[in-house]
Each structure stands twice: as structure tokens, then as C-alpha cells.
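Worksheet: the structure to be examined is printed underneath.
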Amino acid sequence: MKYQEIFPVPCEWVQDIDESMVETVARWGEQEVVSGRLEHTEDYDKLLLPAIHKLFCDIGLQSMLWPEESGGGGLETAEVAMTVAVALEQVGTADTSIGFLFANTFAVQSTFAVEPHRNEELLAELAPVFCGDDVAVGSLVLPGYGGSNAAAREEFYGLPYQVSAERHGEGWALSGEAVRPQCSGKNAAVFAVAFDAGDGGPAVALLGEGAKRLSSGEPIKKTGLAASLNADLDLKGVEVGGGRVVLTGEDRFREMLSFYYMSCAATILGSLLAAYEILKEWGNTRVIKGKGQVFKENPLDAALMGRAASRIATSRVLTYTLARMLSRPDIYGPAGSQGMFNTATATFKQVAGAAMLSMNNAMEMMASAGYATEWNLERYWRDVKTIEGTVIPETAAWAMLARHYFGCRTL
Amino acid sequence: MKYQEIFPVPCEWVQDIDESMVETVARWGEQEVVSGRLEHTEDYDKLLLPAIHKLFCDIGLQSMLWPEESGGGGLETAEVAMTVAVALEQVGTADTSIGFLFANTFAVQSTFAVEPHRNEELLAELAPVFCGDDVAVGSLVLPGYGGSNAAAREEFYGLPYQVSAERHGEGWALSGEAVRPQCSGKNAAVFAVAFDAGDGGPAVALLGEGAKRLSSGEPIKKTGLAASLNADLDLKGVEVGGGRVVLTGEDRFREMLSFYYMSCAATILGSLLAAYEILKEWGNTRVIKGKGQVFKENPLDAALMGRAASRIATSRVLTYTLARMLSRPDIYGPAGSQGMFNTATATFKQVAGAAMLSMNNAMEMMASAGYATEWNLERYWRDVKTIEGTVIPETAAWAMLARHYFGCRTL
Amino acid sequence: MPGIDDFTRPVEYLSPLDRSLGEIVRSWAEKEVLPYRREYDEDWEEHRLIEPAFDRLMGELGLQRVLFPEEVGGWGLGHSDYLGTGSYRMFEEIARADSAMAVAFGVVFWPLIMICNEPHVNMRLCEEFAPMFIETNKAVFTANAMTEPQGGADIENMDLLGGSTIETCAILEGDEWVINGHKLWPTNSAGVADLFGVVCTTSPGSTDPEEFAFIFVPADTEGVTQGKPYQKAGMAADKNSDIWFENVRVPSWYRACGPGDDFKYFKEIISLGSMGTIAFVSGAMMNIYEILREFCEEKTFRGRPLKENDDVAGVLADFVRDLEVIRVIGYQAARMMDRPDLYGDRWSEEMVAKTRAFKYFAADKAVENVGLVMNLMGAHGSDRVRDVEKHWRDLKIVQLWMGGKQLCQMEVARWFFDCETL
Amino acid sequence: MPGIDDFTRPVEYLSPLDRSLGEIVRSWAEKEVLPYRREYDEDWEEHRLIEPAFDRLMGELGLQRVLFPEEVGGWGLGHSDYLGTGSYRMFEEIARADSAMAVAFGVVFWPLIMICNEPHVNMRLCEEFAPMFIETNKAVFTANAMTEPQGGADIENMDLLGGSTIETCAILEGDEWVINGHKLWPTNSAGVADLFGVVCTTSPGSTDPEEFAFIFVPADTEGVTQGKPYQKAGMAADKNSDIWFENVRVPSWYRACGPGDDFKYFKEIISLGSMGTIAFVSGAMMNIYEILREFCEEKTFRGRPLKENDDVAGVLADFVRDLEVIRVIGYQAARMMDRPDLYGDRWSEEMVAKTRAFKYFAADKAVENVGLVMNLMGAHGSDRVRDVEKHWRDLKIVQLWMGGKQLCQMEVARWFFDCETL
């Protein structure tokens, strides 16, 4: 494994399939991304999309949960969580924004394609989408802050759903204006939209790209995440059948989020490792104080490097441990339990925080090379910051954790 | 396990023996310490010593590595690392300063009583000390900052040894003034003294309490760690035979430190869990804003609580993972490898930093109750701070990490 | 070579007394406190070492008189243009030696603010109380009895709660107030103070500012009982205890400013208390700077003095940087107290919010920095012979008083963001 | 309801021009910048939108003239008592709209400091260069060519290296300097500036202050070549590129102050640059405050406006607290630049260390706070329509220029702790 030796992980948990995944994705990163990554921020069509296509379709990340006979990877159980984690670590190293697309895609798929929730009907129905030769990104539509745009008064841990739902036969009609998906509002193949199902609690329904009465607005300009062509959605009573409602209930909703947070943590971990390489290179080659000192031999810079290394080492252990916990519900209980969900939240917040701190420090050390596009570092910094805020607003994260660990009732 | 359910750990690594250890030590904590802990800061002889005796002798922590036939616990392999970790978590919860004594004791013993370094001769020789009915604390004498007191010019990663050594037959004569041990300078049974063995690199020799030409000065007043009666030592050419030199070489020295750092991290983790309980109690019972709000329902306080919980959860995973890595050299390589040593350093620094941050926040929330002795919190805060600085000076820690992860040569 | 006097102060703001106040207090501290302070931790109950030092400063040197008007024998600081900056200098110099002594000293003026400061001088009470401070060469203390068992900082949270949580009740019977209640934590309680300023309500549960009463109670009045001092993480020179008021009777004119004005001017206690706190912080940090200079020259890492290690120097730089900043804002806060004509009334919501902001900034930064300094010092950080660990313990307490950090945050947000329910 | 004008400033320090400068710039910003700045990121190479706004501010409104002496048509700020506080106000108001514009504007004065400020006014050069700024209604820029490829901040690290690392060489041939060298990164390079101040050595490798030369070079001089602008994380209005000087010839009197004095007064560039940076920081933060007010009133959590959530309010409070602090120390720094008679020479090691301290404090706090604000805003934080993410990117760059954080730390530690080898 690429960084295995220098930053130890609980390697006893990593299986052969994971190791070969790492190898494949690392090679993809070298060949498809790193070689031309400077340009990627600018040209989605010419540069990013081909790399995504290679990863999602040719290597097959988007179809790994489908049966081999449909052209998928044949992974069915929660053990896939570890495979996803190690893959995303590599993807995130190459291009964090592509990692974020796959984190979303996996979280969407986890609701119907991972045991014990495998839904053969849906798998068959969506096989043409995810096992085909077109990139198929899944994108979550989660509760967010309320305000003039909020469609519903119901909340998930204080955050209103962006979409309101009315019963429509066996299914629902979904409505919402200026609904912001996590990614790829312009071009996701499937949106997994959270809404309130009344007594059933939170629910998630899958909407396809071409769903009637679903439209997307202008592309959003944002700090980072070049691979995500995001845009707000308008849902004007979009009808969705009961079979497309992939989950209901808090436990199932938390389970989806646990997988999502883990995937995002792994993506960010990859970013951190990329930043490590950039900083290491800088530290080895830069000379300061006249010609007196190789950068890394300066005690102040080295101390910051030491701290960064420490955060990487611990972030890595945490991410792998979370992946393990999610991959073995037989040992650790369901991914949607309060405990697992909160561990996932804590891990995501910890890893994202550690990454931002380390990247900020790295930029401070590299000074103008830190913010010049040419050295690549600033791109990871923008991407991680965007993920950190987009996945969950800070306030909601801590309130959730307090609720669980301190028994708060009104938060 | 006491906090198992609320803060998940990689429980697949915890064995039956560890679980029963937790139970025993937790009971000890409740009965011997928590009931009268307010007084413990003041009266070592009447209150702390009996608790230490019960833990070290009756429960047998100090003899767990000796063969059962000598009256020991019969633990011989590195797997004891996990047992030590879970025990120290409980000890640290009850009284962090007692945990620190055992962290030292175990680190000293790890040099000659854990496979593959078991030294039957020394085990037999020291059996009367550690398997008897008197408390026997081991205490490390490590390199520290130089200055007028520094005895030697040789350094371990930039820190000079406190003791200088001259060859004396098969053994050595050790000298040093105002030598500061990690703990218990007044009353440790065995000091493990680090010195420079010339070409052999660092070495550690065991000195008994009554060694000739070894004397201790006045007790030191310090911020915390009531159970450690510390004092500076004077070594005026203390002779030590070759058989008492328990290790030589950087690998072995790092191995001892890896065990030590892990043990200290586990002790601090216990402290953190105690602080969690205190804060939880406060959050449940305090009412603020007139009678308007139970403390824990205040979003600002809850957010700080959520952050604290997040740090506890991640600190726990990190400490257990480190213990696992040290306990299975067959999987993870020797505890003295650069990688393991740096993971241990990173984990210790991370856990100590997380603990200080959480305790500082908890004190801020509890205001005067935070600093009043009566609420017990301030004691943990003082103890952890003392450990954080005593174990390794900050500057040296980051330099070590940078050296390893960034290949610095002069740090 | 730069020393503690080379940190920036806005020289335009300094009081004409600045130099002499500074010299008096510094030389007192060098002689009477620094040589003994390492023993203070064990002196927390008895004050055998601490009391004589206070006698010298407050009684003999007379600094307990400064706030009173000249007419009653004081130095007139309360109605001068240098109330803030003059106090800042004294507090800072004392805190350099011992921040608990600084707070015990500063609190002497805290209730007296209510009667000595323009525009609400209460000359009758000044005349009545001045002699006990002036006609003696012993230290005489006051205490501000605010906090109650049920609500912690609720009393200070005046804008939200408007005094409605105060349970200590004062009922006018003829010419006397009859006071009943239970207070906790005042600095200079546990038998130290001779005079209390007691925060009462004349109608429990009311949010009417008119019902808020600030009433003076001599400590030897019948019905006043004080508990034993609490044991704390530090600050031995600052004794705190419970105080019970049981049918305590004092003359009706012992109410400081009267209905409405008690409530209004009580906020001055908050803004001035916050300002004073910054001085305690910068004083302690100045001493740590002195200690650090010595330590980092004496100790070595990789064979060179610590201060020549760039990483160590980074910690040192951050420390002095923050001390510079704290001192500049401390003096700005003091100036704002001195010149309400330029900056607004000391009791305005704006001044309360801004001084709270500066106070919790200073305390937070100090706690953070001293924690890092201790880590830098390794095993020497927690060793009492270096005195840094003492400042560390004390500064944590400084950070937490007056309602702690969270209350500061709420008051700051409330004013700057116009919040209503915090 | 408080707004951006209610943050504290030391009113005693303000320049008589403060109000009018503030009004001119604010109304310019509202009209010429705020409506367009969201498009600036795409305008980084061409400056199609950015240039006209500069023309209006600097050429038409004439603010590019302020530093020059009145005798040559300037406003005389360089020899006034309000160099610092006057500049602070302008910089802050511009940075509120766009901190890259503020730096591009501020840098116009940076090389001119060497010839316009007392006590080292070089009237011959003032006369020579003033017309290009004054006889036009177009924006005219300068640039300070300091940094070189080999050493980053080494040039600014003057006390340690004494100019020994400068490779750009100036040789006197008759009445002309012949300059050869390669510079990187100056603000207003990539073709923007009409005039360069070039840091040279007259003897490569020497640490003799006399060999340090600061020489003016008009951009159109033969042998000057500029590269294309670098792409950066933000700050589109600030163009940076390589500059090559190949046998560039300028008159011998284009050297700013002469041997020894160039070295000495160059430190004024550091102290004034640090002071200006604080203004960029507080200006950007003021705008974020405005945005936050709106956002936290509009968005809800648990059904209530965000600002009424105590946890959110805590973040808001910390933000305005730090902005208060930054502004107070910013104006203190500006005052120290205004009144060397009270605080010491602008080029003294003390002023360099102290302004560096204030600068890196301000930048660190801003970066930290804006990061937290983005997290608070959730998905809206990284959305360009809120403008916070723009300030976040820009402020990071502000933090890193002039040698970045570590160099500031070393200079601060060196002065306060008397270090020798940092």
C-alpha cells in the first residue's frame, strides 16, 4: 500500500481485494490525474471527465456493488466499506473533488445495494445506469439550514429537509425550490433526496436525472470541488413511486450518513497525504537563510511538519478504524446505531479539522508557493474546506454529538 | 467494559483477561479512590498509599509480568500491552497520578520482563521486590533539556542524558547531579536510568532504591501528581553491574519509550473519561438563565460538550489501536521501530492535547466549580498537564516526528 | 536588552501618576511578595504570609485610599480622568507578583465604584466609609456579594434576566433594610472583608430595574455569617466562601445609588471588572516573560540555548506577540473607562460588551499561551520553583470568574448582532 | 443597531482627513467594486473589470497622489503626522470591498516611502516621479521588486542575512546604474506597474549595509521584461509575475537614499507594510461581519434565526471580539508609524518587531476566524454568492506575504529575547 509503511494503519483489517484496489486506483491517479492536474481546475470536459470516466466506468467504482453478471464488481456485504475507504484515500490523493463524487455515489448506493438492505429489483433497474459506459454519479440531497428556501418545517436534528413531500398513491410527490444537492446538481445520474415521511421519520427517495418536474439551475461557482458541477434543483411535485423510496426511519437514515461521513473522511485523508508529499518535496529542496539551511532542517518548520505528520498518522488510524467498524456490523452493531453514527461524525469532523489545520500550516510554510496554483497545494485546501462545510454545518455536528454523549433532549 | 458502550473501541482486540482486568480495577477505583478522593491530594500516607498498595500488591499490577510460581500474574508476551492499556484507563479515571506511577513501572519492567527480552535472571532477582507485599514503583530517568545540570554531552534526539557513565569492569559507574526522575524520586523501588554507552548508543541500567552513592533530595513541589513523591537524585559514581544494564541501542530504547508513551496515553484517557463523567453530571443538574435551561440544553455548552465527546471517542480509538500495535509485533513489527515509536509519540501527544483542551473547556463551562477542589475536575487538569510536559518536552517530540516522517537529519 | 518595560503601551493615555504608582508597587512586589510567593499555596487558609504584605501595600503605602474623593481623605481617582489607566498600572504590577493579590486588591474598589465614581458619587456614604480605609495602617478589604447558589453567573447576565433570579431580598422596614439571602464566592470573603456590597432585590422575581438594589453591609453587622474558604486550584491570596445574611439590618441610606440607578451603574462594575481582569492577565504574563528569558537562556536543546532553537523561538514569539496585543487592548479598555466623553458611558451596553470582549480575549490567550509555555518547559513547567505553573493555575481562574467565558460571548454577540434570547 | 462603524477605534489617533478619506473610498467601493467583485476571479489575467475601478479611485479621485509632498502636487501624507492612520483608513475601506485592490493600491506607496517620507525625502526623485502620478486621470502603479528565486523571504530577513543573499546586482558605470537580476512575485508586476523599486546589491554576497541599494527603474526601461501573471488561490486584482533585469541602465541618482541609508530606511518598508496588512485584514473582516449579520438573521436552525442559537452566537462573538482587537492594535500600529517621536523610529528594530507581531497576529486570527465562519455557514460558506469564501482565500494570501508567518515569529523573538541565530 502506497503510504502503508510510513503511516501505520491497522493492516490486519486490510484484505487482498483492498490491496489490489489500492494499486489500481493509485495507478489511475498517477496516469490520469497527477500528470495533468494543474489544468483540471479549469477544464471539466477535456480533463476531469475522462479521468472520472476511467475511474467510475473502466475501473468500475460506480458498479462495484452490482452482481458480476450485470457487469458489476460483485461486492455485496458491508465489508465493502474498507474497500471503499482505501480506494477513496487514493482517489482523494489524486483529486479530492473526484473522491467527493464517489463518496456521494457510494452513500447513495449503500441504501439499496449493501447487505442487509440489498434490493434486487432496484439493482436490476439501475444496472443500466451504473453498469453502463457512462459516468453515473449519485448525489445526496440532505437537510440543511432553514430560511426562506426551506420547504418543510420538519427537521432532522434541527436541520429542515429541503424538500417537502405529499403522499401520492403508493409513493410521494416531492417539492422544493433552490434545493442544493451535495454535488453534481447539473449532471448526477441519481439524486437521493431526503424528506420527511410523517410518522415514518426521515425517508430517502431516488430520483433519476430525467425525472419529470425536476430541473436544475445555473452552475454554482464555489471555492473548490472542480469535478462537481453543482447547481440548485427545482422540484415541482416530482412523483416518485414507493419502490424508489430506499429507506425510512432514523436508523436507516443515520446508516446512510455513517457511510457518507466515512467516505468523506477517507477522501480528505487522501488529500492530507497529497499535501504531505507536496510539503515533503518542498522541505527537501527549498533552501532558506541564505544558503544555510535546507528547509526541513529548520527546527520551527520541522516542528510544524512533525505536527502535521502526527495528525496524518492519527487521522489515518481513525478513518481505517471507522471503516472497519462499519464493515463488520456483526462485531460492532449496525452502522445506523447512535453510537456508530456519532463515531462516524466525530471521525469526519476530526479528520477534516486535522486536514485543514495541516494544510493551513503547510501553506504558511510554503508562503507564496502555498497559494500559487502551480504548487498544487492550494487546490487541496480549497477542496477540503468545501467538503468540511458542505457535508454538515458545524453547529449541527456538535449538537448531534452532544445529544448522544450527554443526553441532551432539545438540541 | 465501563465506557465501552458509549465510546466505541475496536473491541475485537480486547480479550477476556482484559475485560476482567477492567472490572477489577474499576471496582478498586470505586472503593479505594473515588469515595475519598478529595483528601488524596493532601495525605499521601493515609489515603493514597493504601490505594496504591491495594492496586500494586493485592490486585498485583506490579507483579503481573512475573511467573505465577513467583507470585506474579504470568503474563509474558507483548500482548500484555492491551491489558496494561485497559487497566491504566481505569486507574487514570480513578486517580491519574497513580496511573502515572504504574505507567512508569510497566515501562521499566518492559525492558526485561516482556518477550522477546525476558531476562530470567533479573526476574528472579527482582521477584522479592515486585512480588512482595510492599509497593514497588519503577521510575524512568530519561534525557532532558541540557544546561548547567547536564551531566553528559551525548544526546538522544537532541536531549542530553542526565547521567554520565564511565566503564567500571563489566559494568558502569553512573554520575549526575540534580537528576530528575519521571516520578517517585523519594521512594521508587527501581530507577531505570538512561545513559550513553558510547558506541552502543543509549543504554538503560536498573538501580535499586538502596544503591550505594545514590541519594535523593528534598521532595519537589509541583502542579499535580500527588501520588508521585518526586525528588532529584544525586549519583556519585553509582556502580552498576553489566547484568543490570537492561538494554542498549536505539531500537531497544525506543521500544521502552513506545511502551511508556502508550501507558501514559492510556492513563490520560482515563482522566478524560473521569472529566466526561464530571461534566455530564454538571450538565444534567445545573440550571442556567434563571430557571430556564438545564445546562446541557444550552446550545453553546452542548457544542463544547460535543467537541469534548468527539475528542474522547477519537482518543480512545487511537490509544487502543496503539496498544494493539505494540501487543502484536508479529503483525506490526517491533515496538522499537521508528514507525511504531513515532506512532506512539503521535498518539501520546494527540491524546494529551485532546485531554487538555477538553478539560480546559470543561472548566470554562463549570466556571468556579471548574477550579474549586470540591468538584474534582481541577485535579485531573493539573495531573494531565504535569504528565504532558514531564514525559517529553514539546520541542523534542515534534522534532522526533519530523525526523522520521520528513527525513530531517540535524534535528 | 528589552525587558518588561519595553512592551508597548499607548503613551498618550498614561496617567500623570503612572510612573510613581508603578514604582511604588513594583518595589513593594520585589520586597514583599516575590521572595515569598512560592509558599502561598500552603498559606491559603491562614494568610500568615499574605496578610503582612497586604498591610504594607494597602495600609502603610495607602493604596486602599485612592478611589475616595479628596474631600474625605482619598486620592480622588474615582472622579479623575485616570480611573482606568491608573488602576491598570497598579493591578498589572501587583499581578506580576501574584494575580490573586491583584484581585483581592482590585476588589476593594469594586463595591466602592458605586459611590466614588462620577457622575454618581454618594458623598454621604463616602464620608461614612472612608475612615475605615484611611484611618488605619492595616489592609482593609471589601467584597462584592453577587453570586448565589442557584444560578452562577445569572446575576451578571443582566440584560437577559434583569435581576429576576436574585433571591437575596432586601425589605425596607422604617429606616432600615432587612436583608436575607445566601451568597457564594466573593473575593475577600471567608472573613477577609470588613464591608460588603450586596446585590439584592427588593421584590423577588421582578425584572423591574427599580427593584435591583446594591446595599452596603459592614461585615460585623449582626446576622452576617461567613463560611470557611474554599480550596481552589490556585489563587491562595484570594479567599472565597459562602456568606449568609439572616435578618441583617442596615440603615436605609446604605443603598448605593437608589432605584433604577443601582441597576444602571452596576454595569460599571462589569466593565471596570473586565478592564481590571486584563491588567491581571498582562501582569502575570509579564512575569512569565521574565522567567522565560532566563529559562531559555539557561537550558539547552541540541547543545544550544533554547531561545536559539527556531521552534522554541516560535513559541516565545507567539507569547510576546499576544502579550503585546493584550496590553494594547488593556490600555485601550482602560482609556475607554477614563474618557466616557469620547467612548460612551462606562455602564452602557456598548462598553459592557466591548470590555467583556477584551477581557475574554485576554484571558483566553493567556491560558492558551501559558499552556504552551509549560509544554515548552517540559518537566520544569510543572515544577513549582519556576513559578510558571503558579501563573498557569491562577490565570485559569482569572479566565473563569465574572461568569466565565460563555457569558462574555453571549454579551458580545448580543450587542454586535442584536440578539434577543441569548 | 451597531454596524461596521461601531467597532472601536482609538479616536485620539484619527487623522483630520479620516472622515473624508473614509467617505470617498466607501462610496467608491459601493459603486465601483461591490457590484462586480464576484466576477473578479475570472478577470485575473485581463483586469477588464478591475482596471476601470482603479482608474476611478487612483486617477480621477486622485488617491495615488497622497504620499508626495505638496510642492510636487501631492497631499503631503509622507511628511505628516498621519501617514499611518490616514493610510490605515483608506486601506481598510478598500479591503472591505476587495483586499487585493487594497494591496495593489497600498503597494503604489511602498517604494515611494523611500523618497517621500521624513526625514529622508529625496526631492529630486519626488520631482522626477510625481508627474507620472499626478498629471493623469488613469491609475498608475508601482511595484517593489524584492523577492528572488533562490531564497523567498531571505531579503526581508535583513537582521540575520544583511542583504547577503541578494543576487540582483547594480554596478555604477559612469552616471548610470547597470542592473542585472531576476525578481519574483511583486504585487503590481505582470505589466501593471510603471515604476519599480528594485532591491539590489552593489557587491554580491556582502553583508555590508552600504552595498544594499534601492534603485528606481521605470518599467519601460530597456532590458526590463515581465512575465505573465501567476495563477493564485485568490486576489485576482493583485497581479504577480517574474521580472528580469538585463543590463538595465538608469541614472545614478535613481538610488533612493544612498549607501547605508537604503539599508536603514528599507526597514520602514517592513514596518509600514506590516501596518498596512493589518488594515487589509480588518477591512475584509468588517465586510464579513456585514455578511454574517444578514446570513445569521436569514438562516435558521431548530426553527430560530441562527444568531439566536447560543453556539452560533459563540462563533459570532469570537469573530467580532477578534475584529475589535485587530482594529485596536491596527490603529496602535498606525499611530506608532505616525509618531516616531513618541514610539521610536519606523525603521528601528523595535518597530519592525512590533509591527511584525501585530501583523501576524491579525492575519492568523483572521484566517482562523474566517475558517470557522465558513464551517458555521455550512454549504453556503463555499458558495461564491456569499463572498465569504472570497475573503477566506484572499486573507490566506494576506497572511503569507512579506515572508509569511515564520519570519515574523523569528523577528519578534529576536528582538524580545535577544536571539542571535534565528
Side-chain angles (χ1 to χ4, degrees), chain B residues 38 41 144-148 150 153 155 157-160 180 182 220-225 286-292 298 300-301 304 352-353 356 360 363-374 378-379 381-382 385-399 410-411, chain C residues 38 41 147 150-154 157 160-161 164-165 184-185 230-235 240 295 298-303 305-306 309 311-312 315 364 367-368 371-372 374-385 389-390 392-393 396-397 399-407 409-410 422:
Chain B
L38 250 186
T41 46
Y145 283 143
S148 51
R153 288 213 311 222
E155 297 172 341
Y157 291 169
L159 298 169
R180 175 77 47 101
Q182 290 283 301
I220 296 164
K221 286 181 182 164
K222 57 197 179 317
T223 305
L225 299 182
R286 186 74 173 173
V287 176
I288 58 169
K289 294 196 176 179
K291 288 174 184 165
N298 178 285
L300 173 56
D301 295 308
L304 290 168
M356 283 315 299
N360 269 309
M363 288 175 80
E364 285 149 29
M365 282 187 268
M366 292 173 63
S368 47
Y371 58 81
T373 306
E374 188 184 343
E378 61 91 24
R379 190 157 145 266
W381 171 76
R382 287 186 286 111
K385 191 70 190 175
T386 310
I387 295 175
E388 187 182 27
T390 301
V391 167
I392 181 172
E394 189 94 359
T395 299
W398 304 127
T410 64
L411 294 177
Chain C
R38 224 162 273 162
D41 270 312
T147 306
Q150 70 283 354
D154 278 355
N157 194 352
L160 181 67
L161 300 168
S164 62
T165 65
L184 299 178
W185 278 108
Y230 313 138
Q231 196 175 1
K232 312 187 298 286
M235 290 232 144
N240 321 102
F295 183 80
E298 177 196 323
K299 293 291 173 191
T300 67
F301 179 60
R302 288 237 163 258
L306 281 178
N309 177 288
D311 177 38
V312 172
V315 179
D364 281 8
V367 164
E368 198 181 303
L372 294 172
M374 284 183 70
N375 291 356
L376 164 67
M377 294 174 73
H380 306 277
S382 51
D383 185 339
R384 208 193 279 178
V385 300
E389 66 87 30
K390 169 194 158 51
W392 175 73
R393 289 184 282 122
K396 190 70 197 174
I397 298 179
Q399 181 193 32
L400 301 185
W401 67 39
M402 288 180 66
K405 173 172 175 166
Q406 279 78 29
L407 181 59
Q409 290 179 299
M410 294 308 97
L422 302 178

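The structure presented is a predicted model; accordingly, all values stated were derived computationally and were not measured. Sequence lines set the chain letters: A, B, ... in the order given, protein chains first and strands last, and positions in each chain run from 1.
- Interface residue C:Phe301: backbone and side-chain heavy atoms are both found under 4.5 Å from chain B.
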Begin from the C-alpha positions of B:Met356 and C:Asn375 and carry the test side chain to side chain contact (heavy atoms under 4.5 Å, CB included) through to its verdict. CA-CA 11 Å; B:Met356 283 315 299; C:Asn375 291 356; over 6 Å; no
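- Of the atoms belonging to C:Leu306, it is side-chain heavy atoms, and not backbone ones, that fall under 4.5 Å from chain B.
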Test ring-ring contact (aromatic ring centres under 6.0 Å, His included) on C:Trp185 and B:Tyr371 and set out the steps. CA-CA 12 Å; C:Trp185 278 108; B:Tyr371 58 81; 5.4 Å; yes
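- Distance check: C:Arg302 CZ to B:Leu411 CG gives 6.5 Å after rounding to the nearest 0.5 Å.
- Heavy-atom distances place the side chain of C:Val367, and not its backbone, under 4.5 Å from chain B.
- Ion pairing of B:Lys221 with C:Asp41 is absent here, as no side-chain N (NZ or NE/NH1/NH2) approaches a carboxylate O to less than 4.0 Å.
- Interface remark: C:Asp383 contributes backbone and side-chain atoms alike to the contact with chain B (heavy atom separation under 4.5 Å).
- Looking at C:Met410, only its side chain comes within 4.5 Å of chain B, counting heavy atoms on both sides.
- Note: B:Trp381 and C:Trp392 have parallel aromatic rings, judged against thresholds of 30 and 60 degrees for the angle between ring planes.
- Evaluation of the side-chain hydrogen bond (donor to acceptor under 3.5 Å, both in side chains) rule for C:Gln406 yields no partner, not counting sequence neighbours.
- Heavy atoms of C:Glu368 lying under 4.5 Å from chain B are absent altogether.
- When each of B:Glu364, B:Arg382, B:Glu378 is checked for a side-chain contact (heavy atoms from CB on, under 4.5 Å) with C:Lys396, only B:Glu364 meets the rule.
- Contacts of C:Asp364 with chain B are absent, with no heavy-atom separation under 4.5 Å from either backbone or side chain.
- By the salt bridge (charged side-chain N to carboxylate O under 4.0 Å, His left out) test, C:Lys232 is found to be paired with no residue, residues two or more places apart in sequence or in another chain being considered.
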